[in-house]
Amino acid sequence: MNTTLTARLRGQVPLLVTSVLLVAMFSVGSIQYEGFFSGQVLLNLLIDNAFLLVVAVGMTFVILTGGIDLSVGAVVALSTMVSAWLVEKHHWPILVVIPLVLAIGTGLGWAMGWVVHTFEIQPFIVTLAGMFLARGLCYTISVESVSITDPSYTAMAQTRIPLPGGTFLSPSAVIAVLVAAAAFLVLHHTRFGRNVYALGGSEQSALLMGLPVARTRITVYAISGFCSALGGVLLTFYMLSGYGLHAVGLELDAIAAVVIGGTLLTGGSGYLVGTVLGVAVLGLIQTVISFQGTLSSWWTRIVIGALLFLFIVLQRLITARRHT
Amino acid sequence: MQQPVLEVRGLRKEFPGVLALDGIDFRLFPGEVHALMGENGAGKSTLIKVLTGVHPADGGQVTMAGRPLRITGPLQAQQAGISTVYQEVNLCPNLSVAENLFIGREPRRRGLIHWSELRRRAEASVAELDLDIDVTARLDSFSIAIQQLVAIARAVDVEAKVLVLDEPTSSLDRDEVVQLFTVMRRLRERGVAILFVSHFLDQVYEICDRMTILRNGRLEGEYLTRDLSHVQLVSRMIGSELADLKSLAAESHRETAAPEYRSPFLVAEKLGRRGAIEPYDLTVRPGEVVGLAGLLGSGRTEAARLLFGADQADSGTVRVNGHATALRGPRAAIGHGIAFCSENRKAEGLVGELTVRENIVLALQASRGWLRPLSRTAQDDFALRWIRALDIRPGDPEAPVRNLSGGNQQKVLLARWLITDPKLLILDEPTRGIDIGAKAEIQKLVAGLAEKGMSVLFISAELEEVLRLSHKIGVLRDHRVVAQLANDGSLTPEHLMETIASGARR
Amino acid sequence: MTKHRLFWPAAVLVAMLLANLLFTPNFFAVHTKEGHLYGSLIDILHFGAPLILVSLGMTLVIATGGIDLSVGSTVAIAGALACLYISEASDPGSVSTVLVAVALALAVALVLGAVNGLLVSRIGVQPIVATLILMVAGRGVAQLITDGQIITVTSDPYRLIGGGYWLTVPFSVLLAGAMVGLTLLLTRSTALGLLLESVGGNPVASRLVGIRAHRLTTLVYVASAVCAAVAGLMISSNVSAADGNNAGLWIELDAILAVVIGGTSLNGGRFSIGGTVLGALVIQTLSTTIYTIGIPPETTLVFKAAVVITVCLIQSPQFRAKATRRRTTAPGGQQPKPASADSKVSA
């Protein structure tokens with residue numbers, strides 16, 4: 001009994017470390033900087049990182065199966081571009097544009113998943129091609145940034161949903177929370193979600209236990225495509241423009257958030273809550289650095305890199321011990 | 001007579017270039033434990049994979065309780081009532097025990113998994129097998145034995161009429177085997193038909209009611225366990241009647257002359273590794289051929305790998321030329337003049353993409369280091385000389401080695417080690433799967449090498465071959481060296497087979 | 001002829017060069033001006049030199065079955081370090097200052113490469129993950145070095161590396177050529193190439209013949225980082241400035257692409273330095289062509305996507321099996337041939 005307890009705790013170590021890190025960062029920030037300790041600072045984390053959260057949720061599905069999706073940043077950019085172009089140049093209504101954009105992202109993800117599964121090509125190279133394609137398509141629409149003046153978009157950007165205590169949230173933040181909640185439900189409480197874990201744990205076992213391996217694998221890439229497209233929609237609300245250079249390097253942030261959230265890059269182990277915490281850590285790093293004032297923005301990258309190093313070595317130690 | 005729950009007639013399975021199953025008939029009755037016996041490559045695992053839907057059959061009929069059955073995939077086989085537990089536990093280590101038991105068919109409520117119901121059912125399911133474990137804990141927090149029992153629990157919970165256990169005991173210790181057998185007996189009482197595959201003869205005799213023996217993809221026969229002695233079983237698996245062996249013994253004179261007395265090259269004392277091979281002693285003298293005999297899976301390869309440092313021993317010592325040495329890895333062993341030809345040519349021997357020449361010079365080049373390359377002329381010399389000496393075909397040193405036949409690949413591996421001029425050459429099944437001509441050449445080569453003073457550790461399942469070449473024979477059984485016999489001329493294949501079968505003559 | 005492993009990359013390169021003739025009739029013209037060679041072909045070599053270098057290191061890493069995503073960051077760090085040192089030196093124009101700056105950049109690259117290599121070989125982290133760390137953090141480090149600014153330097157000796165000419169030829173082309181030659185020498189005139197191919201082709205067998213796989217693996221990541229650092233010096237020297245944010249951006253992807261086009265499989269094993277050089281030139285020619293035709297240069301990405309997928313599909317045994325099955329079963333229902341392993345497409 002005791003051994004299973006410690007084994008179970010060991011699986012939670014990355015999650016615990018992340019939680020402790022989060023609390024520590026917030027406490028230090030609150031002590032150091034005036035105005036840091038407020039509900040709105042926390043809510044701003046969510047507002048500013050809504051699109052990252054949505055993208056990271058999609059990435060979590062892919063990484064749980066042991067794959068990787070490098071195309072997410074590019075799909076986000078493509079979504080902003082297609083949205084801006086259709087809305088501004090063709091005056092399509094927002095209610096047509098958004099479903100269309102989501103369908104494009106999902107379709108692209110599905111196609112990448114299909115190639116990965118059918119031809120057994122490494123996911124990173126397939127999604128790399130997807131990344132080239134999506135970024136390239138942006139530029140075939142326009143090389144310049146296209147700004148959006150459509151009232152329905154500006155309304156989405158400016159709407160504030162008041163919360164008690166004088167705080168507020170943006171519609172994007174609410175959508176991100178809903179997506180995370182839905183993903184949590186799917187991953188932890190549906191057969192599909194458990195199949196994702198099974199596939200990441202052992203593909204061969206999943207096959208022999210009669211699980212739908214092909215469908216599961218292709219679907220996770222489709223989900224990641226959908227989440228990237230939705231992230232793009234949220235980013236469009238946030239930036240009010242479409243641009244081929246939006247969200248450059250977002251795939252790295254998303255992967256970092258997932259890893260810092262305690263999900264194993266080899267697949268099969270991790271929690272959606274971890275990804276939410278991971279996104280919070282990334283956001284908090286930026287908040288601290290902006291509160292600090294004198295630290296430059298590139299420290300964000302360096303700190304993220306250091307955290308990645310820490311967590312990846314931690315993961316190795318945990319898995320190595322599990323195997324002996 | 002009772003109707004068989006599963007009956008197979010004339011089953012045929014072909015892989016490119018190999019007829020893996022050739023007209024197999026096979027019956028399984030409810031409430032029996034039935035052993036499927038045969039050496040590696042006899043067709044056991046192919047038969048199991050066809051029955052469980054991993055491979056489609058190429059011919060023959062399968063009937064289940066009298067009705068014809070077409071097996072199309074693992075899931076469909078399971079639904080038809082044939083469940084399998086493989087040697088390597090085929091569950092997901094990252095999921096809980098409960099999930100592993102029910103994944104793919106979890107109880108649901110309003111579309112979502114009904115976790116408390118899942119847990120309740122899982123607890124009931126493991127309780128049936130007398131297991132007292134926390135079903136919400138991750139599977140990999142339990143020992144392999146428990147994981148195996150969980151796999152069985154999953155298999156029988158799918159309303160299995162037939163349970164296939166493929167080498168379930170290979171990584172269990174004695175107590176765990178007892179626990180497994182208790183569960184098997186319980187299932188037998190419930191009327192489940194169990195197909196049991198094991199290399200451990202004692203276990204087969206302990207638990208099984210009947211057995212079917214396969215050899216070279218063909219059916220050798222079906223017997224009641226109590227009707228067949230250990231020796232009869234072994235001889236039927238190997239495929240030579242005792243009478244035949246006796247006549248062979250007369251001509252199986254040793255081809256190698258006895259080595260003159262010299263101080264030992266290598267002495268292993270109490271060398272062992274948990275789960276692989278129990279501690280054993282071995283002395284190898286210069287010019288001596290030491291044979292290791294035993295059934296496949298009896299621990300011969302494991303014993304050899306310790307001497308090469310391919311696996312780390314966790315007990316015992318090795319002395320080379322009188323000096324104690326820790327064989328920390330292959331490189332250290334090679335430094336002492338030890339060479340090892342693995343039985344698994346493709347996975348552990350050849351680099352398939354590279355040419356014959358490159359594969360031949362690889363070991364010598366590795367020991368020289370990258371800064372002292374063999375010149376191209378030297379490489380060509382080595383390659384051509386050994387292609388000629390061993391008659392490697394095609395004789396093109398620039399052909400990719402993966403295009404060669406098994407026998408020729410084996411010769412390439414031999415050449416690779418011979419050019420390093422080793423003191424001790426370990427050959428693990430060097431003649432398996434290659435044609436008669438190449439086999440004889442390799443045997444002659446080994447004899448010649450020993451005469452020139454090289455020590456050879458020769459591992460083979462073919463007793464005549466071991467007898468013909470070896471000065472001394474270690475007999476293995478159930479991962480133990482059960483006997484070391486001097487091949488003084490009085491030894492016959494019959495003796496060897498009896499030793500393998502009974503484990504006597506310590 | 002088509003069997004030769006360099007046939008396809010060479011054919012693609014020639015076809016692309018010829019296609020340029022349609023748009024630019026004097027595309028192949030090379031003339032000298034003030035003792036310097038000029039012309040489109042020279043430009044392709046000149047601008048392609050950094051990519052050739054990065055791809056060179058990448059080839060070695062991929063031969064062992066690994067991948068190095070951090071080269072772009074290393075490019076930025078090396079350029080930033082050298083420029084920072086030169087700009088702060090009392091005598092930025094002196095040869096000794098430049099030599100120290102170069103040595104400094106290479107030394108740091110050595111350390112970065114060793115960290116990648118040890119993470120992969122000793123700690124056992126998957127290569128893509130191990131090098132991802134430096135890919136993320138490296139950009140930040142480069143910006144830290146440049147303090148987020150673009151450091152400009154005025155130093156003639158430094159300018160020579162990436163922008164100067166020597167014996168009428170761009171120095172960067174000579175440098176890249178020399179490093180390709182050195183690598184060929186090191187891999188093919190010593191046993192290094194054979195041992196690398198063995199480790200990438202069958203790691204288990206390599207251990208059993210006594211190859212020090214850990215050490216070799218570490219070494220290739222160091223080599224990759226050094227190649228990237230030299231490329232970084234070239235890029236910053238060519239514009240006499242270090243840009244921590246944009247120098248070497250996406251070059252890791254171009255390099256992987258060059259290696260794949262050059263016929264080296266991402267699964268490791270057999271590698272071809274000549275193929276990689278051709279692959280890098282194909283990519284550079286693609287960029288040049290698109291630029292001269294007048295399509296927005298950013299759309300190069302779409303073509304690259306098409307190339308990646310095509311090459312990977314051709315290398316995928318599953319794809320080949322499907323393609324051949326369709327072809328052989330169609331007329332008269334012959335038996336499908338098993339995908340023969342030797343018909344490796346040298347694309």
Side-chain angles (χ1 to χ4, degrees), chain A residues 66 68 70-71 74 111-112 115 117-126 128-144 244-245 248-249 251-253 255-256 259 265-266 296-313 315-317 319-320, chain C residues 67 69-70 73 115 119 123-126 128-130 132-148 244-246 249-250 252-254 256-257 260 266-267 295-313 315-322:
Chain A
I68 200 144
L70 295 182
S71 72
M112 290 188 291
V115 172
H117 185 82
T118 313
F119 302 115
E120 291 179 32
I121 305 178
Q122 299 177 20
F124 105 87
I125 195 89
V126 174
L128 179 68
M131 165 179 157
F132 281 152
L133 183 70
R135 288 249 181 241
L137 287 177
C138 289
Y139 296 118
T140 59
I141 296 174
S142 166
V143 181
E144 304 294 319
L245 282 179
V248 167
E251 54 278 350
L252 301 182
D253 286 342
I255 294 169
V259 172
L265 276 163
T266 43
S296 319
S297 60
W298 46 85
W299 278 102
T300 319
R301 299 236 73 96
I302 298 177
V303 174
I304 293 175
L307 284 180
L308 261 183
F309 181 85
L310 192 80
F311 276 83
I312 285 168
V313 173
Q315 286 190 357
R316 275 303 301 170
L317 291 179
T319 45
Chain C
I67 197 104
L69 295 181
S70 71
S73 293
V115 170
L119 273 177
I123 305 192
V125 183
Q126 304 146 269
I128 187 171
V129 176
L132 180 74
I133 299 172
L134 186 56
M135 183 189 189
V136 173
R139 283 274 154 218
V141 172
Q143 283 173 293
L144 178 68
I145 295 168
T146 62
D147 203 19
N245 204 15
N246 292 315
L249 201 61
W250 306 133
E252 58 278 342
L253 305 181
D254 281 349
I256 294 168
L257 194 50
V260 173
L266 279 174
N267 298 323
I295 305 174
E298 290 85 354
T299 46
T300 325
L301 291 173
V302 179
F303 291 93
K304 283 182 187 166
V307 174
V308 174
I309 278 301
T310 314
V311 173
C312 283
L313 283 183
Q315 287 186 352
S316 153
Q318 283 75 20
F319 180 78
R320 287 215 303 273
K322 277 189 186 170

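In what follows, chains carry the letters A, B, and so on, assigned in the order in which the sequence lines appear, proteins first and then strands, with residues in each chain numbered from 1.
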Check whether any side-chain heavy atom of C/L301 lies under 4.5 Å from a side-chain heavy atom of A/L133, and answer yes or no.
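Counting from C-beta outward, C/L301 and A/L133 never come under 4.5 Å.
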To the nearest 0.5 Å, tell me how far [X] [atom1] sits from [Y] [atom2].
{"X": "C/F319", "Y": "A/E120", "atom1": "CZ", "atom2": "CD", "result": "14.5 Å"}
{"X": "A/L307", "Y": "C/I133", "atom1": "CG", "atom2": "CD1", "result": "11.0 Å"}
{"X": "C/I309", "Y": "A/I121", "atom1": "CD1", "atom2": "CD1", "result": "5.5 Å"}
{"X": "C/L253", "Y": "A/F132", "atom1": "CG", "atom2": "CZ", "result": "4.5 Å"}
{"X": "A/I302", "Y": "C/Q143", "atom1": "CD1", "atom2": "CD", "result": "8.5 Å"}
{"X": "A/L265", "Y": "C/Q126", "atom1": "CG", "atom2": "CD", "result": "6.0 Å"}

Examine whether an atom of [X] lies under 4.5 Å from a heavy atom of chain C, and if so say whether it belongs to the side chain, the backbone or both; otherwise answer neither.
{"X": "A/V248", "answer": "side chain"}
{"X": "A/T300", "answer": "neither"}
{"X": "A/I312", "answer": "side chain"}
{"X": "A/V313", "answer": "side chain"}
{"X": "A/L70", "answer": "neither"}

Report the option among C/L144, C/N267, C/L257, C/L249 that has the most heavy-atom pairs separated by less than 4.5 Å from atoms of chain A.
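So the answer, after comparing C/L144, C/N267, C/L257, C/L249, is C/L144.
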Out of A/V115, A/I304, A/L128, return the one with the most heavy atom pairs under 4.5 angstrom to chain C.
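Greatest number of close heavy-atom pairs with chain C: A/L128.
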For the residue pair A/A129 and C/A305, what are the closest heavy atoms and their distance?
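That would be O-CB, 3.3 Å.
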Grab the two heavy atoms, one from C/V125 and one from A/R316, that are nearest each other, plus how far apart they are.
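For C/V125 and A/R316, the tightest heavy-atom pair comes out as CG2-CG, 3.7 Å.
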Step by step, work out the side chain to side chain contact (heavy atoms under 4.5 Å, CB included) result for A/I125 and C/I256.
CA-CA 9 Å; A/I125 195 89; C/I256 294 168; 4.0 Å; yes
Is [X] close to chain A through its backbone or its side chain, or both, or neither, when contacts mean heavy atoms under 4.5 Å?
{"X": "C/I128", "answer": "side chain"}
{"X": "C/D147", "answer": "both"}
{"X": "C/L134", "answer": "neither"}

Is the count of non-hydrogen atoms from other residues, nucleotides or ligands lying under 6.0 Å from A/F124 atom CZ greater than 12?
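More than 12 heavy atoms, drawn from other residues, nucleotides or ligands, come within 6.0 Å of this atom.
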Could you walk me through whether C/L119 and A/F309 pass side chain to side chain contact (heavy atoms under 4.5 Å, CB included), step by step?
CA-CA 10 Å; C/L119 273 177; A/F309 181 85; 4.0 Å; yes
